[in-house]
Amino acid sequence: MTTQEILVVKIGGAEGIDHAACAADLAAIADRRPLVVVHGVSAAVNALCAERGVPVRMLTSPTGHSSRYTNPQTRDLYVEAAESVNRALTGHLTALGIAAEGLTGANIPLLGERKSAIRALVDGRVRIIRDDYSGSITGVDVVRVLRALTRGSVAVVPPLAASADGLLNVDGDRAGAAVAAALGASDYVILSGVRGLYRRFPDESSFVPRVNRDELDSALDWAQGRMKRKVIGASEALSNGVQRVIIADGRVHMPVRAALGGHGTEFLR
Ligand code: ADP
């Protein structure tokens with residue numbers, strides 16, 4: 001196995017992306033090249049919070065970024081949901097005859113640092129939040145990922161980072177970017193609930209098939225809401241050696257092969 005052949009795929013965790021349907025596509029790819037799958041968990045956490053009667057709250061940073069308020073109680077549910085999504089996805093691949101290893105528990109490859117004081121708008125008022133267990137990614141233990149890949153398994157990575165403060169909620173798009181860069185992967189595919197990047201979302205005629213390196217700043221301006229982190233992830237991956245990032249639709253038939261075949265928004269180094 002050469003590390004350049006590695007493909008990293010991020011599968012969104014929102015409603016609308018069917019992990020079971022993606023698994024058949026991933027299984028076909030895993031037959032041909034080393035594959036790392038990073039998954040989101042948002043819908044699963046929301047469902048678990050509803051089931052346990054824990055309110056879902058969002059923090060909005062002064063710059064307008066929105067993120068899940070992950071206090072200690074929510075963190076525990078976040079970890080539980082991430083492990084369960086990870087098990088399900090690994091199970092789908094195994095059921096298709098593909099060796100897959102969920103990198104959870106002691107095998108979590110992402111390392112992070114908790115943001116101990118966040119200035120944020122909570123329910124419309126600016127506050128300093130000190131009990132949030134979200135974090136920034138500070139490193140990747142590549143050996144944990146490579147061990148799975150050299151055994152011929154698909155590595156399935158949850159959006160969790162190990163830190164001095166325990167497990168942290170980290171952004172999946174940026175987690176995928178960090179993993180792709182640390183592994184020296186050639187391609188990073190981000191599957192989402194849209195076709196890709198638009199200049200003026202959702203105006204179909206403004207779809208962007210390709211973003212060159214000198215257009216990254218404009219792309220960051222075009223992207224709003226949840227698309228912003230995907231473009232940041234794309235930019236981080238490219239700056240750190242990944243050759244190509246594709247943001248594409250996760251809702252279509254064979255989404256990863258469609259993305260690699262030219263559907264979606266391609267970011268080139
Ligand atoms: P995730 O995969 O993380 O669950 P989504 O697929 O929902 O996230 O993220 C993409 C979302 O970003 C779209 O649903 C859309 O509402 C929003 N968005 C904002 N600006 C843009 C843009 N310029 N191009 C595409 N999507 C955009």
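As the structure is a prediction and not an experimental result, all values here were calculated from the model. Atoms within a ligand are numbered from 1 in the order they appear, just like the ligands themselves.
In summary, the atoms of ligand 1 found under 4.0 Å from a heavy atom of G12, numbered by their order in the structure, are 2 (O). For ligand 1, the atoms closer than 4.0 angstrom to any heavy atom of W222 are 23 (N). Counting atoms of ligand 1 from 1 in the listed order, those under 4.0 Å from a heavy atom of S192 are 2 (O), 6 (O). The distance from ligand 1 to the heavy atoms of Y198 drops below 4.0 Å at these ligand atoms: 22 (C), 23 (N), 24 (N), 25 (C). Atom numbering of ligand 1 starts at 1 in the shown order; those under 4.0 Å from a heavy atom of A14 are 4 (O).
The existence of a salt bridge linking R147 and E101 is excluded, since no basic side-chain nitrogen approaches an acidic carboxylate oxygen closer than 4.0 Å. A salt bridge links K230 with D173: at least one charged nitrogen is closer than 4.0 Å to a carboxylate oxygen. With respect to R52 and E80, a salt bridge is recorded, a charged nitrogen being found less than 4.0 Å from a carboxylate O. Here R33 pairs with D187 in a salt bridge; the nearest charged N to carboxylate O distance falls below 4.0 Å. A salt bridge is absent between D249 and R195; no separation between the charged side-chain nitrogens and carboxylate oxygens falls under 4.0 Å.
Cation-pi geometry between R244 and Y188 is not met at under 6.0 angstrom from the ring centre and within 45 degrees of the axis.
Side-chain atoms of R269 come within 3.5 Å of backbone N or O of L238 as a donor-acceptor pair.
The shortest N or O to N or O distance between D173 and ligand 1 is not under 3.5 Å. Where the criterion is an N or O separation shorter than 3.5 Å, residue side chain and backbone included, F201 fails it with respect to ligand 1. In terms of N/O distances under 3.5 Å, ligand 1 is approached by K230.
If you check the side chains of T74 and N71, you find a donor sitting under 3.5 Å from an acceptor.
Of the listed residues (G196, S42, A223), the one carrying the non-hydrogen atom nearest atom 25 (C) of ligand 1 is G196.
Closest protein heavy atom to atom 4 (O) of ligand 1: R226 NH2, 2.6 Å. The shortest contact between atom 14 (O) of ligand 1 and any protein heavy atom is with V194 CG1, 3.7 Å. Counting only heavy atoms of the protein, atom 6 (O) of ligand 1 lies nearest to G193 N, 2.6 Å. In this structure, the protein non-hydrogen atom closest to atom 19 (C) of ligand 1 is Q224 O, 2.9 Å. Counting only heavy atoms of the protein, atom 27 (C) of ligand 1 lies nearest to M227 CB, 3.4 Å.
Taking OG1 from T70 and CG from D132, the interatomic distance works out to 5.0 Å, rounded to the nearest 0.5 Å.
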